[in-house]
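Accompanying notes for the structure given below.
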Amino acid sequence: MTPQELASQLARILADIIAERSDGAERNDGGEPSDGPGRGEGGAEPPAIAVTEADTAVERPKNREHGDWASNAAMKFAKRLGTNPRELAQEIAERIAEVDGVAGAEVAGPGFINITLDAASAGETARRIVEQGAAYGRGDALAGQHINLEFVSANPTGPLHLGHTRWAALGDSISRVLRAAGAEVTNEYYINDAGSQMDKFGRSVLAAALGEEAPEDAYPGAYIQELGKKVLAEQPDLPEIAAQNRAGALELAQELGYRQQLAEIESSLERFNVHFDVFFSERTLHAKGGDGEQSPIETAVDRLREQGHVFEEDEAIWVRTTDFGDDKDRVFTRGNGVYTYFAADAAYYLSKKDRGFGEKIYLLGADHHGYIGRLTAIAGAAGDDTEKDITVLIGQLVNLNGARLSKRAGNIVELDDLLEWLGADALRYWLARYPADSPLALDGEKLRSRTNDNPVFYVQYAHARTRAVDRNAAAAGVDRSAFAPELLTHETETELLGKLQEYPSIVAGAAELREPHRIARYLEELAAAFHRWYDNCRVIPQGDEPVEDLHRTRLWLNDAAGQVIRNGLDLLGVSAPDRL
RNA sequence: GCCCCGGUAGCUCAGUGGAUAGAGCACUUCUCUCCUAAAGAAGGUGUCGGAGGUUCGAUUCCUCUCCGGGGCACCA
């Protein structure tokens, strides 16, 4: 019996009760003017009360005395049924107690229904998890959805730094969680490879390659010098080209430097266990088609104009984004004929729409929060549903104590250095462990510690323990030839099983709310439940005690715990080592 | 001025309208002849920033307000 099955049993019982009550008695209590269509005649039918499994979802009570699972459905429905919560709860409790696998049910407090399961019924979960393996916890709540998830999108003019790492970790985990819930997700990185910062980058790289003094406004940091050397190695005749055709050399240096830098960014991300499906170049939005066809940006302004949202003023072309809640209208084409960044954003949004994505998620830092209004307005102006087709997630900034500034990258904290110092696992886990909207201050030494105060090690240690037990069990002749779930009666076993049963709903909730930190918090609780169980219940008999079915059954439970920790860590992009 | 996000235990932070608001750390004890003690057990702490409101019930939702952080462009 899983919590989901319990919820569906409760929903059935509640629906039965509602049906019985409305069949029988008083339908004439005066009030309730029902003004719906087709209700004009005859005996006023009571308004239908629909029950879904969400209404009867059960919770794991904090207090063990409140049973294995608790429902507050009676309190939710009592009013609508014109009865009091405790009375309704009593009725539900009597019926749920009759269900196979339920050991008992009682009413408590203002109308909670506290349900206790048979040990065998609860223990069955262990076998189910082992059999489902990596699939345990995955669901289909988001099946059929095509989601575009854009994150990081750092300028290709320098290395990734701390400011990008939180979005990299969070975005990739969100993607994994959404996929676990059945969605099809494309991870996308928008490359700002057009515009003045690229020119500045080109000038910086060319000067470095030629050994010239850096221009006034050059990008700081030794990495520019490194890029210059690489560019020169790739294009040894660059000095000659520069002497004859400065503009040509500039373009060449910019291009080669850009390719090099982007490749480095990609490789840093892969080392961070973050994978992008699409790197989308801003330039493609500016580029005209083969036969002088319009560029996507030019097309975009026409499309918005057709929707009636474009106007001209002061020689500039504007989009009336205030119609969609933006705080001011936005310029599309400047007075000098140049497109703004906003124009590219609009064309980019349309590209996502044209590529068939329903929901487009943007993961942005708090310093970009001014984008919410304009991006949402673009969606609206494009004829999309601003509620469902676009989501802008804003994350607060992170700072990390003890991290050394990178001279190479111009006194920022570089991702590559963080990876070397802390490792991808610790960094990813800690960054995914907090909700995006909470400001975050990390302590570097804590991320490196190998004790209880470092949750990533605590969780990984629990996993390694399950593997150690598994290895030792094999050596001691404990196998899975028997499974007797009714024997799993120890307090810590009930608790561990309960945690394991919660996992699918944790994943579903994390996907719905786009909050992978829920997975991390859950894993910490699961690991704690496992450690407690490990300390109390032995899988392998001591001394010359014989191997019994209890030991064999516990081996299933041990493996189930390991499997769920593995599945959860995978959603965070963190490894689950067999040994620590 | 307007907009967004925070304010919960000494510290770092969880908490999708429910029961006595939680976890880790820090502090004090205890537990390996025993599968990884990188672990477990016990010990106490709160004006949930403040004031109103919504309701059977509010840390959670609404309004106002105080404090802290971030943001406002024909920059990219």
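Reminder, nothing fancy here: chain letters follow the sequence lines and each chain counts from 1.
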| query | Reckon A/Ala108 touches a base, only the sugar-phosphate, or nothing at all at heavy-atom distances under 4.0 Å? | reply | base

| request: For A/Asn155, report the nucleic acid contact type (base, sugar-phosphate, nothing); a contact means any heavy atom under 4.0 Å. | output: nothing

| note | When A/Arg538 and A/Val338 are each assigned the nearest nucleotide of RNA chain B, the 5'-most assignment goes to A/Arg538

| request: Classify the nucleic acid contact of A/Arg467 as base, sugar-phosphate or nothing, counting any heavy atom under 4.0 Å across all strands shown. | output: nothing

| Within the pair A/Tyr522 and B/rA23, is there a side-chain N or O less than 4.0 Å away from OP1 or OP2? | no

| query | What integer number of Å spans the P atoms of B/rU12 and B/rA26? | reply | 15 Å

| said: Centroid distance below 5.5 Å plus an interplanar angle below 30 degrees: do A/His517 and B/rA14 meet both conditions? | reply: no

| field | Sugar-phosphate, base or nothing in reach of A/Ala441, heavy atoms under 4.0 Å | value | sugar-phosphate

| message | Surrounding CD of A/Glu65 (heavy atoms of other residues, nucleotides or ligands, distance under 6.0 Å), is the total greater than 12? | response | no

| message | In whole Å, measure the gap between the P atoms of B/rC25 and B/rA41 for me. | response | 11 Å

| Is the backbone N or O of A/Lys79 less than 3.5 Å from a side-chain atom of A/Thr83, with the two atoms forming a donor-acceptor pair by type? | no

| task | Return no unless some side-chain N or O of A/Arg471 is found under 4.0 Å from OP1 or OP2 of B/rU36. | result | no

| request: Determine the contact category for A/Met75: base if any of its heavy atoms lies under 4.0 Å from a base atom, sugar-phosphate if only primed atoms, P, OP1 or OP2 are that close, otherwise nothing. | output: base

| note | Closest to the side chain of A/Pro110, out of B/rU55, B/rC13, B/rG18, is B/rG18

| message | Between A/Gly509 and A/Asp437, which residue's closest nucleotide on RNA chain B lies nearer the 5′ terminus? | response | A/Asp437

| said: So if I apply the side-chain contact (heavy atoms from CB on, under 4.5 Å) rule between A/Trp533 and each of A/Thr494, A/Leu496, A/Leu497, which one comes out positive? | reply: A/Leu496

| task | Indicate whether A/Phe112 forms a stack on B/rA19; treat it as stacked only if centroid distance is below 5.5 angstrom and interplanar angle below 30 degrees. | result | yes

| task | With the side chain of A/Ala366 defined as its heavy atoms from C-beta on, choose the nearest nucleotide among B/rU36, B/rG6, B/rG70. | result | B/rG70

| message | OP1 or OP2 of B/rA19 versus the side-chain N and O atoms of A/Lys62: is any pair under 4.0 Å? | response | yes

| query | Which is true for A/Asn192 with a 4.0 Å heavy-atom rule: it touches a base, it touches only sugar-phosphate, or it touches nothing? | reply | nothing

| N/O donor-acceptor pair, side chain A/Asp345 with base B/rA76, under 3.5 angstrom | no

| message | Roughly how many Å apart are B/rG71 and B/rU16, using the C1' atom of each and rounding to a whole number? | response | 28 Å

| note | Ranking B/rA19, B/rA39, B/rC74 by distance to the side chain of A/Asp535, first place goes to B/rA39

| request: Indicate whether OP1 or OP2 belonging to B/rA73 is found under 4.0 Å from a side-chain N or O atom of A/Lys328. | output: yes

| request: Select one nucleotide: of B/rA19, B/rC25, B/rG71, the one nearest the side-chain heavy atoms of A/His369. | output: B/rG71

| said: So if I take every side-chain heavy atom of A/Leu513 and compare against B/rU16, B/rA14, B/rC35, which nucleotide ends up nearest? | reply: B/rU16

| Closest to the A/Arg532 side chain: B/rA41, B/rC74, B/rG18? | B/rA41

| task | Look at the side chain of A/Val331 and decide which nucleotide, out of B/rC56, B/rC74, B/rA19, has an atom nearest to it. | result | B/rC74

| field | P gap between B/rU8 and B/rA76, integer Å | value | 41 Å

| Quick one: does A/Gln396's side chain get under 4.5 Å of A/Leu440's, heavy atoms only? | no

| task | State which of B/rC35, B/rG15, B/rC34 makes the closest approach to the side chain of A/Tyr534. | result | B/rC35

| task | Ignoring the backbone of A/Arg334, work out which of B/rC74, B/rA19, B/rA37 is nearest its side chain. | result | B/rC74

| Taking atom C1' in both B/rG40 and B/rC56, what distance in whole Å separates the two? | 42 Å

| message | Any side-chain to backbone donor/acceptor pair from A/Trp167 onto A/Leu363? Under 3.5 Å, distance only. | response | no

| Inter-nucleotide C1' distance (B/rG50, B/rG68), Å rounded | 16 Å

| Does A/Arg518 reach the side chain of A/Leu513, with side-chain heavy atoms less than 4.5 Å apart? | yes

| request: Give A/Leu580 one of three labels, base, sugar-phosphate or nothing, depending on what nucleic acid heavy atoms sit under 4.0 Å from its own. | output: base

| query | For A/Arg518, which contact category applies under a 4.0 Å heavy-atom criterion: base, sugar-phosphate, or nothing? | reply | base

| message | Can a donor-acceptor pair be found, under 3.5 Å and without considering hydrogens, that links the side chain of A/Asp68 to the backbone of A/Leu117? | response | yes

| Stacking between A/Tyr434 and the base of B/rC13 (centre distance under 5.5 Å, interplanar angle under 30°)? | no

| Under 4.0 Å: is that the gap between some side-chain N or O of A/Arg521 and OP1 or OP2 of B/rG15? | no

| message | Quick check: do A/Tyr349 and A/Asp345 have side-chain heavy atoms less than 4.5 Å from each other? | response | no

| Of the nucleotides B/rU36, B/rC25, B/rA38, which one has an atom closest to the side chain of A/Arg450? | B/rA38

| message | Any base atoms under 4.0 Å from A/Ala468, or only sugar-phosphate, or nothing? Heavy atoms, all strands. | response | base

| When rounded to the nearest Å, what value does the distance between C1' atoms of B/rA9 and B/rA14 take? | 13 Å

| request: Ignoring hydrogens and angles, answer whether the base of B/rA76 and the side-chain atoms of A/Tyr339 contain a donor-acceptor pair closer than 3.5 Å. | output: no

| field | Spacing of the P atoms in B/rA39 and B/rG44 (rounded, Å) | value | 23 Å

